[in-house]
Amino acid sequence: MENPETGQETETFWIEEAMYKILEKTDYSDDVYMQVIEAPQVAATAQAGQFVILRIHEEGERIPLTIADFDREKGTITIVVQAVGKSTRHLQTLGKGDSLANFIGPLGLPSEVEKVGTVVCAGGGVGVAPVYPIARELKKAGNKVIGIVAARTKNLLLWEDKMSELCDELIVTTDDGSHGRKALVTEPLKELCQDGSVNLVYAIGPAIMMKFCCKTTEEFGVRTIVSLNSIMIDGTGMCGACRVDVGGETKFVCVDGPEFDGHQVDFDLLMSRQRQYLEQEKISNDLFLECRGDKKCLT
Amino acid sequence: MSDVEKNEGEKKKARPKKTSIPRTPIPEQDARERARNFEEVALGYERDHALIEASRCLMCKKPKCVAGCPVGIDIPAFIQALVDDDPAAAISILKEKTSFPAVCGRVCPQEEQCEKVCILGKKHEPVAIGRLERYAADWEAGQGEVTMPEIAEKKGKKVGVVGSGPAGLTCAGELAKMGYDVVIYEALHKPGGVLVYGIPEFRLPKSIVQRECEYVESLGVEIKLDYVIGRTMTVDDMLENGHLAVFIANGAGLPAFMNIPGENLNGVYSANEFLTRANLMKAYRFPEYDTPIKTGRNVAVIGGGNVAMDAARTALRMGANVHLVYRRSMDELPARREEVHHAEEEGIDFHLLTNPTQILGDDEGWVRELEIIHMELGEPDESGRRRPVPIEGSESRIPVDAVIMAIGTKANPLLTKSTKGLELNKWGLIVADENTLATSKKGVFAGGDIVTGAATVILAMGAGKIAARSIDRYIQGQPLLTPEEEEEIRAEAEKLREKAAAK
């Protein structure tokens with residue numbers, strides 16, 4: 001089959017009908033949205049801390065996303081996404097009734113949840129979503145859970161209500177003070193550590209946020225778990241694109257993680273590797289924005 | 001009179017003459033041209049080529065080539081069919097033993113197997129068995145109608161196969177022919193395993209893999225994509241949920257790195273990642289396809305196997321100057337001669353007897369230079385190959401924008417760690433009986449790279465066949481080996497012992 005525009009052969013190898021239905025979609029802001037996807041085989045074994053990989057269409061890339069919630073009975077997985085590049089912007093245009101080409105998971109190791117005492121669950125930006133099911137499990141295991149929900153500004157705050165229902169205590173911060181306390185996530189975290197009653201910290205969000213959370217807790221020797229979001233392709237250990245340095249050893253986020261002891265993670269390397277395709281991501285994104293709304297252009 | 005007709009006329013006294021016909025070259029795309037495209041390099045025999053080449057076969061009474069074939073194809077018989085200009089008969093004979101002749105004809109290392117032991121090859125060049133196999137398979141594809149094998153009555157018994165690579169597809173196909181309900185679980189979004197993510201289009205067009213997968217489906221096999229066994233479902237789940245037996249053929253997996261400084265710099269790829277981006281995700285057609293890939297102007301590929309050749313030639317086709325860095329000499333290079341020859345023709349720069357010592361980057365974390373040290377060959381090591389020894393002070397640097405590590409793979413722990421009671425060896429590979437492929441876990445069989453470590457497509461297919469036989473016997477409650485087979489294995493082992501003793 002030849003593409004009339006490019007004159008190139010288009011891929012015809014084993015194209016199956018897109019079968020993963022989007023059942024629900026909610027926009028939280030211009031860039032952040034939530035989708036509930038029907039994937040019973042993934043929901044059947046999904047656990048807190050794991051991730052999925054999805055592909056929108058035949059020419060699409062494989063995007064890893066941490067599971068924000070799952071419902072075994074309904075057979076659904078919830079994802080919360082921040083539109084930053086072409087694929088996540090494209091996904092944002094899809095809603096109820098649309099379908100995804102592929103939805104693979106659950107991948108990675110689940111969170112190791114046990115009763116340790118008091119746990120701080122800090123989520124930065126969309127990082128609040130993956131923190132939520134972990135906090136729920138920690139609570140179920142009998143821990144006292146203190147939540148920190150942080151964002152740059154008010155309209156980027158997520159799931160304050162869900163977290164407040166779940167947590168014994170909830171702290172809300174924004175960098176600009178537009179809602180909750182005007183502070184960086186590290187400030188309340190430091191205060192809690194100073195109190196001396198914190199046994200474990202979960203910090204999930206942008207790499208820079210996790211890096212500074214770990215710096216904060218390291219001083220107090222409070223064990224801190226982070227969930228890394230490196231670049232991936234297959235998500236099953238085959239490609240090694242997601243490698244990170246943990247305690248001087250190379251680990252694969254997809255099979256050894258995604259959760260690691262944050263005090264051992266080389267965040268600068270992680271951030272450098274995350275920037276690997278910035279140039280190409282821009283080309284893709286610009287092309288996408290140029291033909292926004294033109295379906296033919298999109299696929 | 002054409003060569004073919006002459007040959008026909010002289011058939012009776014042809015035996016001495018056969019040796020005077022040179023091995024028929026396979027038409028190929030011009031090296032300069034193909035270095036810039038992803039189309040298949042070897043174009044395949046036309047009918048005339050096939051008739052001449054087939055006529056070279058000595059039709060040995062005790063053919064060595066059959067024993068040299070991991071799946072035991074009746075090679076003289078299919079070649080005789082080609083001599084008779086009956087490709088339909090040839091394909092039927094091939095399909096008695098291999099489900100994928102179009103793949104085997106292209107990527108099997110024939111020079112190490114059937115062609116290596118060809119009697120004609122003792123004094124002359126061996127019969128081009130692989131090319132003839134490919135000719136018959138391509139003929140079948142070209143004429144449209146696919147020869148279907150006999151399929152036994154449905155037994156209503158379910159078997160699960162993990163992985164849709166050569167081992168999995170073969171095993172599934174064989175079991176389906178016996179009447180089993182077979183489901184293949186594939187982790188990726190396309191079936192074919194290494195045939196799709198690993199071997200590039202220019203060596204094995206994906207249209208061929210598609211045809212082979214469709215053929216397996218037409219036998220009644222169900223292929224479930226996006227299913228990661230070990231995560232989406234475990235082997236134990238499979239056994240609890242109606243699968244009477246499971247064949248694990250999930251491939252080797254985790255890429256190995258050298259543990260030298262700079263390996264985590266941006267621009268350092270494992271061959272698996274590089275080839276997966278290019279082949280499976282079609283990154284060489286970015287931005288038409290979303291997945292990016294970055295080669296830059298200068299690329300170094302580390303390693304000397306077929307995967308290294310594939311990565312090097314893929315990078316070349318994306319416009320890079322490619323340096324291949326291998327620590328031993330040309331004689332030890334493990335890649336197929338044909339691939340090495342093609343790579344040289346296309347302009348890959350071979351740095352033999354050199355080994356990387358470190359990768360140097362810039363302030364932004366990008367690869368800039370590869371430091372290599374020159375090597376000399378010392379005493380033979382355990383593998384019998386002369387051990388490369390670094391020459392002190394001989395370091396030099398190559399400016400590079402990307403480095404591709406093609407030095408092999410390690411076992412993937414994802415499935416094995418989640419399966420209870422599965423014995424592994426020290427490398428994390430599954431321990432399976434070499435004659436039955438039975439593992440330490442009841443009802444579970446394993447084969448292909450997850451048992452042998454990285455090997456060839458045809459060995460994986462051979463394993464798929466053995467596993468199918470074992471699974472059938474296991475489900476029927478029979479011993480996995482017949483007394484005759486056990487006797488044969490004993491005799492074979494005895495022979496090997498005698499040989500070793502004689503040495």
Legend entry - Check against side-chain contact (heavy atoms from CB on, under 4.5 Å), B:K294 and A:E279: CA-CA 10 Å; B:K294 255 186 167 175; A:E279 200 185 311; 3.5 Å; yes
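- There is no contact between B:F274 and chain A, counting heavy-atom distances below 4.5 Å.
- At a threshold of 4.5 Å between non-hydrogen side-chain atoms, the residues A:I283 and B:F286 count as touching.
- Looking only at side-chain heavy atoms (C-beta outward), A:R55 and B:D290 stay at 4.5 Å or farther from each other.
- The part of B:E263 that comes within reach of chain A is its backbone (N, CA, C, O), which places non-hydrogen atoms under 4.5 angstrom from that chain.
- Residues forming a side chain to side chain donor-acceptor pair (under 3.5 Å) with B:N266 (at least two apart in sequence, or on another chain): A:S272, A:Q276.
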Inset, instruction - Could you walk me through whether A:R275 and B:E364 pass salt bridge (charged side-chain N to carboxylate O under 4.0 Å, His left out), step by step? - result: CA-CA 10 Å; A:R275 287 193 296 268; B:E364 306 281 300; 5.9 Å; no
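- Neither the backbone nor the side chain of A:I63 comes within contact range of chain B; no heavy atoms are under 4.5 Å apart.
- For B:I293, the part sitting under 4.5 Å from any heavy atom of chain A is the backbone (N, CA, C, O) and nothing else.
- Looking at B:S207, there are no atoms closer than 4.5 Å to chain A (heavy atoms on both sides), in backbone or side chain.
- The parts of A:L107 that come within reach of chain B are both its backbone and its side chain, each placing non-hydrogen atoms under 4.5 angstrom from that chain.
- Heavy-atom distances place the side chain of B:V196, and not its backbone, under 4.5 Å from chain A.
- Neither the backbone nor the side chain of B:L275 has a heavy atom closer than 4.5 Å to any heavy atom of chain A.
- Residue B:L254 touches chain A through both its backbone and its side chain, counting heavy-atom pairs closer than 4.5 Å.
- With respect to the salt-bridge test (charged N to carboxylate O, under 4.0 angstrom), the residues B:K282 and A:E61 do not qualify.
- The contact between B:E217 and chain A is made entirely by side chain atoms (from C-beta outward), counting heavy-atom distances below 4.5 Å.
- Using a 4.5 Å cut-off between heavy atoms, B:N412 touches chain A through its side chain atoms alone.
- Residues from residues 234-254 of chain A that place a non-hydrogen atom less than 4.5 Å from a non-hydrogen atom of chain B comprise A:D234, A:T236, A:G237, A:M238, A:C239, A:G240, A:A241, A:R243, A:T250, A:F252, A:C254, given in numerical order.
- Side-chain contact check for A:E58 versus B:H189: every heavy-atom pair is 4.5 Å or farther apart.
- The interface of residues 35-50 of chain A with chain B, defined by heavy-atom distances below 4.5 Å, comprises A:Q41, A:T45, A:Q50.
- Applying the ring pair (Phe, Tyr, Trp, His ring centres under 6.0 Å) test to B:Y197 and every residue at least two apart in sequence or in another chain returns nothing.
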